[in-house]
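First comes the structure, then the notes that go with it.
Chain letters run A, B, ... following the sequence lines, proteins first, then strands; residues in each count from 1. Reckoned from all heavy atoms, side chains included, excluding hydrogens, waters and symmetry mates.
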Number of protein chains: 2
Amino acid sequence: MSGKLEFTQEVQEIARISKALSHPVRVYILQKLSKMNSCCYSGDLVEEIPVGRSTLSQHLKELKYAGLIQGEINPPFIKYCINRENWEKAKKLLDDFLNYTNSLNFSCIEPESLIHK
Amino acid sequence: MSGKLEFTQEVQEIARISKALSHPVRVYILQKLSKMNSCCYSGDLVEEIPVGRSTLSQHLKELKYAGLIQGEINPPFIKYCINRENWEKAKKLLDDFLNYTNSLNFSCIEPESLIHK
DNA sequence: GAAACATTTCGTATATTTGCGAAACATCAA
DNA sequence: TTGATGTTTCGCAAATATACGAAATGTTTC
C-alpha cells in the first residue's frame, strides 16, 4: 500500500482549464469574447493581437478543443464566441478551487529562506 | 498605425497565474495547502503524489516562484504553506476575469462546423 | 471555371516543460 | 567527525508548446 494517489477528476479538470488560460493570446481572446457578449472574426482579432494568422488560428483551435469557445461559419468568415455552457462550468470549477480556503492565517512565517533560490 | 496591441499587465498576470495552475501536481498541492490551512512537508507530499522527489521539488519551486506558496525551514524539514497575500491577489484576478461576463446569450449557434476538426 | 478572400492545416524550427536518478547540500545526532 | 536524514540542484532525455510562412481548403463573385 504505497499511498500514491491518482488525481481526482476535479484536479485534472482544473489543470486542463488552467492550461487553456496559460497564454496571453488566449486570455485576451476569452476576455474580449466574454466581455462583449458577441462574436469575433479571426480577421478582427489578427488586427489587434501581435501574432501571425496561423498562430492565432492555433490558439483558437486550442480554446475550441478545451471547449471554451465555439465557431460558427458565416461565409466567408468564421465567427467565434464563448461556449457559455462550458464557460460557466469552468467558472464554477475555478471558483470553488480558489475559494474553498480556510482564511485563518497562522503559523506561516515569511521564510527569508534560501530554499529554491 | 498597425493597431497591434501589447497585452495589458492584467492579461499577462492572468496567463502567468494560470500557467502555475496548469499541472495536476501543482493543483493538488495548492488544493491541499489551501484547504487544510496548514503546512506540508515535501516528504508528506511525495507519499501521496505519483511523482519522484526531485520532480516534486521542481513543482514546489515553480509554485514558490509564482508567489503562491512559501517555504519555512523547520529542520530537518521544510514546511510549505500558501502565501496568503498573493493567493488572495490571484483569486481576485481570476475571479474578475471569470465573472466580468455579459450573461446574455444570443446569436451563438452551436456550430456543427468542421473548422478546427 | 477562375480570381479573390478568410481561414486552416502542414512542415519545420526553436523554446519550454516535465521527468528521472545521481550527486550535492544542510542539519541533526551520535 | 561521521553517518543518517530530508530536500534541492544538476545533467540529461523525451514530450509538448509556440511561432512562422507556404500551401491547401472552402466559399463567393465575376
Exercise for review: Return the set of residues passing side chain to side chain donor-acceptor pair (under 3.5 Å) with B:H59 (not counting sequence neighbours), or none when no residue passes.
Suggested key: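 Partners of B:H59 under the side chain to side chain donor-acceptor pair (under 3.5 Å) test: B:R26.
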**Study point:** Same apolar cluster (I L V M F W Y, side chains within < 4.5 Å links), A:Y41/A:L30
**Key:**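 Different clusters: A:Y41 never reaches A:L30 through Ile, Leu, Val, Met, Phe, Trp or Tyr contacts under 4.5 Å.
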Check your understanding: Are B:F77 and B:L60 joined in one hydrophobic group, where the rule is that I, L, V, M, F, W and Y side chains link up if heavy atoms are under 4.5 Å apart?
Key ->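 No, because B:F77 and B:L60 fall into different hydrophobic clusters, even though each may have its own neighbours under 4.5 Å.
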Point to revise | ring pair (Phe, Tyr, Trp, His ring centres under 6.0 Å) partners of A:Y65, counting only residues at least two apart | key: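 Listed in chain order: nothing, the list is empty.
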With sequence neighbours left out, what residues match [X] under side-chain contact (heavy atoms from CB on, under 4.5 Å)?
{"X": "A:R16", "answer": "A:E13, A:A66"}
{"X": "B:K89", "answer": "B:E85, B:N86"}
{"X": "A:Q31", "answer": "A:K35, B:E10, B:V11, B:F97"}
{"X": "A:S54", "answer": "none"}

Spacing of [X] atom [atom1] relative to [N] atom [atom2], expressed in whole Å:
{"X": "A:E72", "N": "C:dT8", "atom1": "CD", "atom2": "C1'", "value": "18 Å"}
{"X": "A:L45", "N": "C:dT8", "atom1": "CG", "atom2": "P", "value": "10 Å"}
{"X": "B:I78", "N": "D:dT7", "atom1": "CD1", "atom2": "C1'", "value": "5 Å"}
{"X": "A:Y41", "N": "C:dT7", "atom1": "OH", "atom2": "P", "value": "9 Å"}
{"X": "B:R53", "N": "C:dA24", "atom1": "CZ", "atom2": "P", "value": "19 Å"}
{"X": "B:L63", "N": "D:dT8", "atom1": "CG", "atom2": "P", "value": "12 Å"}
{"X": "A:L56", "N": "D:dG21", "atom1": "CG", "atom2": "P", "value": "14 Å"}
{"X": "A:F77", "N": "D:dT29", "atom1": "CZ", "atom2": "P", "value": "11 Å"}

Practice item. Measure from the side chain of B:S54, starting at C-beta and using heavy atoms only, and say which of C:dT7, C:dG21, D:dT7 lies closest. Key: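 Side chain of B:S54 sits closest to C:dG21.
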Check your understanding: Are B:L68 and B:L21 side-chain neighbours, meaning at least one heavy-atom pair lies under 4.5 Å?
Key ->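 Heavy-atom side-chain distance check passes, below 4.5 Å.
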Review point. Can a side chain N or O of A:Y80 be found less than 4.0 Å away from OP1 or OP2 on C:dT8?
Key: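 Yes.
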Point to revise | Inter-end axis angle, the helix from C:dG1-D:dC30 to C:dA30-D:dT1, with every axis fitted to five base pairs (rounded, 10 degrees) | key: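 End-to-end axis angle for the helix from C:dG1-D:dC30 to C:dA30-D:dT1: 10°, rounded to 10°.
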Polar atom pairs between nucleotides 17-19 of chain D and protein, under 3.5 Å, N or O only, would you list them?
from: D:dA17; atom 1: OP1; to: A:K19; atom 2: NZ; distance (Å): 3.3
from: D:dT18; atom 1: OP2; to: A:R26; atom 2: NH1; distance (Å): 3.1
from: D:dA19; atom 1: OP2; to: A:H23; atom 2: NE2; distance (Å): 3.3
from: D:dA19; atom 1: OP2; to: A:H59; atom 2: NE2; distance (Å): 2.8

Check your understanding: Is B:S42 side chain donor-acceptor paired with the D:dG6 base, going by distance under 3.5 Å alone?
Key ->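 Result: no qualifying N/O pair found.
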